[in-house]
Asks: 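The structure that follows is given in the form of C-alpha cells.
The basis for the numbers below is simple: all heavy atoms, side chains too, and nothing from hydrogens, waters or symmetry mates.
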Amino acid sequence: MTFTNKKLEYRVTLDTDLNLFIVFDKNNENKSATGTTIENAVQELAKIA
C-alpha cells in the first residue's frame with residue numbers, strides 16, 4: 001500500500017522476523033527506513049528524504 005503524509009509518499013512493509021516496519025520512499029525505492037512503529041519509520045525516512 002502507498003500512503004501519503006504532508007511531505008512524502010511512502011510504502012510500508014512489515015518484517016515479521018525482526019518485528020520492524022520498513023518504509024520506502026515511493027519516488028526512490030533506494031531510500032528506506034525502519035522503526036518499531038510505522039510512525040517511527042516515517043520519521044526516520046523524513047530525515048533522509
Asks: Report whether Leu14 and Ile38 are members of the same hydrophobic cluster (ILVMFWY, side-chain heavy atoms less than 4.5 Å apart, transitive linking).
Replies: yes

Asks: With rounding to the nearest 0.5 angstrom, report the CZ to OG1 distance, Phe21 to Thr36.
Replies: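 Those atoms lie 8.5 Å apart.
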
Asks: Out of curiosity, Asn27 CG to Tyr10 OH, how far, rounded to the nearest 0.5 Å?
Replies: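 So the gap between those two atoms works out to 13.5 Å.
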
Asks: Show me the donor-acceptor pairs within less than 3.5 Å that the side chains of residues 40-49 make with the rest of the protein, sequence neighbours left out.
Replies:
unit_1: Asn40; atom_1: OD1; unit_2: Thr37; atom_2: OG1; d: 2.5
unit_1: Glu44; atom_1: OE2; unit_2: Lys47; atom_2: NZ; d: 3.2

Asks: Does Asp15 have any side-chain contact (heavy atoms from CB on, under 4.5 Å) partners at least two apart in sequence or in another chain, and if so, which?
Replies: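 If we apply the side-chain contact (heavy atoms from CB on, under 4.5 Å) test to Asp15, skipping adjacent residues, the hits are Asp17, Leu18, Ile22.
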
